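The structure presented is a predicted model; accordingly, all values stated were derived computationally and were not measured. Per chain, numbering begins at 1; letters A, B, ... match sequence-line order. These numbers come from the heavy atoms of this one structure, side chains and all, not from hydrogens, waters or symmetry mates.
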Amino acid sequence: MPVPFNLADALDSVLKSAAKTAGLEADAFAPEVRTADARHGDFQANGVLGYSKARKLNPRATAEKLVAALPAEVSSVYEIVIAGPGFINFTLKPATLQAWLTTHDSAAHLKASAASAKHGQAWVVDYSSPNTAKQMHVGHLRSAVIGEAICRLLEFSGARVVRDNHIGDWGTQFGKLIWAYQRHLDAAALAVDPLQEFERLYQIGNAAADADPAVLEQAREELVKLQAGDPTNLAVWKKINDVSLGAFQQIYDQLGIAFDVTLGESFYNDQVERIYRELTETGIAQESQGALVVFHPEHPRFKTQPFIMRKADGASNYATTDLATALYRLEHFHADGIVVVTDFRQADHFEQLFLTVKKWFAAKNYRLPELHHVTFGAVTGEDGKALRTRDGGTIKLKELLAEAEARAFALVSERSSDLTPEERHAIAGVVGVASVQYADLSQNRSSDYVFSWDKMISLEGNTAAYLLYAGARIHSIFRKLGVADPLSRTDQGSALETPAELALARKIVKFADAIRLATETLRPHFLCLYLYELAGEFSAFYAVDKVAVDDLAVRARRLQLCSRTLLVLETGLGLLGLRTLTRM
RNA sequence: GCGGCUAUAGCUCAAUUGGAUAGAGCAUCAGACUUCGAAUCUGAGGGUUUAGGGUUCGAUUCCCUAUGGCCGCACCA
């Protein structure tokens, strides 16, 4: 009997057809299959409750009819129990668990099974997207880390993903920066640490413009000159961007991020005329107070709150470039879906943008891609306010990662003193960065994020180190036993038997459902939660059931269990963007 | 003023989007290393889910009111 990758999905389909057989109104019946609390079984179907209530039927009687209509092979796979007011509980039989483990025996096989939901689709994911001329600080971490995980999840479900770093390289900050560059440049500092120097100059320019309207005016003129193509200003601008992108890349390398394209705001500068024309001729945009704006009369707030797409002085802004960006992603990348990952403060902007794009594309008969604004909460200090270090600056991402690695190095040196310093550094690099990534990913992205060093670089509890440690222990077992090919063992031992073995196997087969949930909601923390529970089941199993036993049939089945745990664990960590280890 | 997000154990967070007895980690307490790695495991205590109402067979989840926090609202991105 073939065992499907996603058991919950398969159960859902089979219940739908059974509903027809049982004489239910099949079109109106949704089985509502979900993973269940282990006390009740592996999966539960709750749909009977709502269905029966709406029709004033006895839910238990409906459930019994439905269960009676299930094909015989379902009851050979599951123990089926109707419980409470009408829940249908499904508990996988050990033989089914065994069959799943035997079938899904390699990374390639897992991916092939999963890659159907978005097969053949193109998705553009816009994430990280920092402004140039500044260093990345902890506030930039979330978009980068969450965005990368989303890319990997979409790829795993079969999509072709375009990773786009939509850098802020054309904003008004450049007027102030160029103004300061011309007057306060420290050439020596520029040679040593150019990004630091640009940041200093920007602060000078910003402060001067705040204090003196005349400076602000001069800064505006510099921006106008830049946007008009003045060679001097253009050269400064280019240098700033080159330096910034070089510094960003070092961080991206550590985080395992490789963008396919880096198309910032400046890229769209020469495409704005078409945007003005199309939105004007379709009647979507209108003149208001000298600016070109879009109102949405059907929307309670945006009927009066304008979406400004051309300023009164004739200049474009980020609304203009974002509109151009949407069009480019459709025409150039043939996007079926667009995901933009930014913090929640831009929610209004993207709601207005998407409303405008929908009307615009409809009016021009352009195909409309799925549009998703993936938001996340702010990173705050312990006081709930915007994050600052003691001296008032922000915490640099570079420093955060270095501190995490240093902590990991201290721990690995203490625990694994037999390793060479090089090995310990390599391990600390993985553990440190993974800890920072995982701390961010494991939290539901919509809530604000209280930053603390301890939390970001913690190595105990629900952390990356816990997951990596579980993996390292599995690798260690294979090393000790001299068994090759740990990720795809095909050992066929005796039947799974102990409670810990069965609990671990039950957790493994729910990988598909965790992936589905994380991908559908674009929330990687669901996958983190699953992997944490998986590692927990493994650790519990490890404590009570020894693998290296003399009984070869027992040893073989446990080796297979270890192999599948490792496969799912490493695949899952890979989808989150974390690197893994064979020892630590 | 208008609007959005948010409030769960001492602290930091979950709760599969309306399901069964609200779960973890940290911290506290009690146990487990001569046996595959103790960065681990087993157990205990800790809750009127901000408050009050409503809808529902069923509410942390949906609706209303109030309160606290964060944020957005005409030319920054």
Side-chain angles (χ1 to χ4, degrees), chain A residues 8 32 34-37 39-40 44 46 49-50 52-53 59 83-87 89 129 131 168 170-173 265 288-293 300-302 304-313 315 317-319 321-322 342-349 351 375 377-378 380 382 384-386 408 411-412 414-416 431 439 442-444 446-448 450 452 454-455 458-463 465-466 468-470 472-474 476-481 510 513-514 516-518 520-521 523 525-526 528-530 532-533 536 539-540 542-549 558 562 583-584:
Chain A
E32 291 183 33
R34 62 199 61 189
T35 61
D37 186 299
R39 287 186 294 249
H40 304 120
Q44 57 179 342
N46 301 341
L49 286 163
S52 304
K53 188 183 73 177
F87 299 109
N89 292 333
S129 308
N131 287 339
W170 204 239
T172 45
Q173 75 263 30
E265 288 154 5
S288 174
Q289 299 179 25
L292 187 64
V293 308
R301 202 150 27 97
F302 301 143
T304 53
Q305 182 179 320
F307 186 59
I308 299 171
M309 51 175 287
R310 187 177 64 209
K311 302 194 280 187
D313 64 7
N317 64 2
Y318 86 133
T321 51
D322 278 357
T342 81
D343 75 82
F344 71 100
R345 285 176 297 209
Q346 300 194 37
D348 270 8
H349 168 75
E351 199 182 342
T375 61
T380 71
E382 317 246 336
K385 298 275 170 57
L411 188 63
V412 72
E414 181 189 323
R415 304 296 163 112
S416 304
V431 174
S442 60
Q443 180 167 337
N444 188 332
S446 41
S447 41
D448 279 354
V450 178
S452 80
D454 285 346
K455 176 179 168 186
S458 168
L459 301 167
E460 285 179 3
N462 184 5
T463 63
Y466 181 79
L468 294 172
Y469 184 66
R473 291 214 288 197
I474 297 173
S476 180
I477 292 171
F478 285 106
R479 269 196 305 272
K480 274 272 158 55
L481 295 177
K510 289 174 188 113
D513 199 54
R516 176 200 56 77
L517 184 60
E520 268 178 13
T521 59
R523 291 180 190 274
H525 82 282
F526 285 119
C528 293
L529 179 65
Y530 168 79
Y532 177 61
E533 288 171 353
S539 296
Y542 184 90
V544 296
D545 288 337
K546 188 168 171 167
V547 177
V549 290
R558 290 184 181 164
C562 286
R583 67 172 81 219
M584 61 190 282

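With hydrogens and angles left out, the side chain of A/Asn46 and the base of B/A20 share no donor-acceptor pair within 3.5 Å. Contact of A/Thr463 with B/A39 (side chain to base): no donor-acceptor pair of N or O atoms is detected under 3.5 Å.
Base pairing of B/C11: its partner is B/G25, meeting the Watson-Crick or G-U wobble criterion (both donor-acceptor distances under 3.5 Å). Pair assignment for B/C5: B/G69, on the basis of Watson-Crick or G-U wobble contacts that are both within less than 3.5 Å. Nucleotide B/A30 has B/U42 as its partner under the Watson-Crick or G-U criteria, with both atom distances under 3.5 Å. Pairing for B/C62 goes to B/G54, judged as Watson-Crick or G-U wobble with the two contacts each under 3.5 Å.
Here the separation of B/U8 from B/C13, taken at their P atoms, is 9 Å to the nearest Å. Nucleotides B/U16 and B/G23 have their C1' atoms positioned 14 Å apart, rounded to a whole Å. For the P atom pair drawn from B/A20 and B/U49, the interatomic distance equals 15 Å after rounding to whole Å. The gap from the C1' atom of B/A74 to that of B/G69 amounts to 28 Å, rounded to the nearest Å. When the C1' atom is used for both B/C29 and B/G10, the distance is 15 Å, rounded to whole Å. The P atoms of B/A22 and B/U48 are separated by 12 Å, rounded to the nearest whole Å.
The A/Arg39 side chain lies nearest to B/U21 when the options are B/A74, B/U21, B/C73. Distances were taken from every side-chain heavy atom of A/Thr521 (C-beta onward) to each of B/C73, B/U17, B/A24; the shortest belongs to B/U17. Side-chain atoms of A/Lys53 lie closest to B/C57 of the nucleotides B/C57, B/C36, B/C41. Side chain of A/Leu411, nearest nucleotide from B/A39, B/G37, B/U17: B/A39. Taking only side-chain atoms of A/Ala540, from C-beta outward, the nucleotide of B/U16, B/C41, B/U17 with the closest atom is B/C41. Looking at the side chain of A/Arg516, the nearest of the listed nucleotides B/U16, B/A39, B/G72 is B/U16. Proximity note for A/Arg345 (side chain, C-beta onward) versus B/C73, B/U16, B/G72: the nearest is B/G72.
Summary of the strand contacts: A/Pro306 and A/Asn317 both lie near RNA chain B, and taking for each the nucleotide with the nearest heavy atom, the more 5' one is attributed to A/Pro306. Of the two residues near RNA chain B, A/Phe87 and A/Val547, the one whose nearest nucleotide lies more 5' is A/Phe87.
Residue A/Lys480 is in sugar-phosphate contact alone, with no base atom involved, counting any heavy-atom pair closer than 4.0 Å across all strands shown. If you check every strand for non-hydrogen atoms under 4.0 Å, A/Asn89 touches a base. No contact: A/Leu468 has no heavy atom under 4.0 Å from any strand. Note on A/Ala548: a base of the nucleic acid sits closer than 4.0 angstrom, heavy atoms only. Within the 4.0 angstrom heavy-atom criterion, no nucleotide atom of any strand lies near A/Val549. In this structure, A/Val544 reaches neither bases nor backbone, as no heavy-atom distance under 4.0 Å exists between it and the strands shown. Nucleic acid contact for A/Ala291: base, since at least one base atom lies under 4.0 Å from a heavy atom of the residue. Looking at heavy-atom distances under 4.0 Å, A/Leu529 makes contact with sugar-phosphate atoms alone, never a base. Residue A/Ser539 is in sugar-phosphate contact alone, with no base atom involved, counting any heavy-atom pair closer than 4.0 Å across all strands shown. Within 4.0 Å (heavy atoms only), A/Lys455 reaches sugar-phosphate atoms of the nucleic acid but no base atom. Using a 4.0 Å heavy-atom criterion, one finds that A/Ser416 contacts the bases of the nucleic acid, with or without backbone contacts as well. Across all strands, A/Ala83 comes closer than 4.0 Å to base atoms (heavy-atom distances). Contacts of A/Arg558 with the nucleic acid, taken as non-hydrogen atoms under 4.0 Å apart, are absent. Here A/His349 lies out of heavy-atom contact (under 4.0 Å) with every strand.
Taking atom CD of A/Glu533 as the reference point, atom C1' of B/G23 lies 9 Å away to the nearest angstrom. Between the CG atom of A/Asp348 and the C1' atom of B/G72 there is a distance of 5 Å, given to the nearest Å. Between the P atom of B/A20 and the CD atom of A/Gln44 lies a distance of 7 Å, rounded to the nearest Å. For the pair A/Tyr469 OH and B/C36 C1', the interatomic distance rounds to 11 Å; values are reported in whole Å. At whole-Å resolution of the value, OH in A/Tyr532 and C1' in B/U12 are 13 Å apart. We find that CD of A/Glu32 is positioned 14 Å from C1' of B/U61, with the value rounded to whole Å. When rounded to the nearest whole Å, the span between CG of A/Asp454 and P of B/C13 equals 13 Å.
Scored by the side chain to side chain donor-acceptor pair (under 3.5 Å) test, A/Asn89 finds no partners at all (sequence neighbours excluded).
Between A/Ser288 and A/Val293, the shortest heavy-atom contact is CB-CG2, 3.7 Å.
Taking the six-membered ring wherever Trp is involved, the centroid distance between the rings of A/Tyr466 and A/Tyr532 falls below 6.0 Å.
Residue A/Leu529 holds its CG atom at 13.5 Å from CZ of A/Arg523, rounded to the nearest 0.5 Å.
Here A/Asn444 reaches the OP1 or OP2 of B/A15: one of its side-chain N or O atoms lies under 4.0 Å away. Regarding contacts with the backbone of B/U8, every side-chain N or O of A/Ser447 stays at 4.0 angstrom or more from both OP1 and OP2. Within the 4.0 Å cut-off from OP1 or OP2 of B/U17, at least one side-chain nitrogen or oxygen of A/Arg34 is found.
Against the 90° criterion about 0, the sugar-base torsion of B/C71 places it in the anti range.
Residue A/Tyr466 and nucleotide B/A39 are not classified as a stacked aromatic pair, given the requirement of ring centres less than 5.5 Å apart at an interplanar angle below 30°. Stacking of the aromatic ring of A/Tyr542 onto the base of B/U40 is not found under the criterion of centres within 5.5 Å and planes under 30°. Stacking of A/His40 onto the six-membered ring of B/A20 is present: less than 5.5 angstrom between centres, less than 30° between planes.
Using modelled atom types, no side-chain atom of A/Asp513 and backbone atom of A/Ala8 make a donor-acceptor pair closer than 3.5 Å. A donor-acceptor distance shorter than 3.5 angstrom exists from the side chain of A/Gln443 to the backbone of A/Asp448, with no hydrogens or angles considered.
A side-chain donor from one of A/Asn444 and A/Ser446 sits under 3.5 Å from a side-chain acceptor of the other.
The aromatic rings of A/His349 and A/Tyr318 lie parallel to each other, their planes meeting at an angle below 30°, with 60° marking the opposite boundary.
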A/Asp348 and A/Gln305: CA distance, side-chain angles, deciding distance, side chain to side chain contact (heavy atoms under 4.5 Å, CB included) verdict: CA-CA 10 Å; A/Asp348 270 8; A/Gln305 182 179 320; 3.4 Å; yes
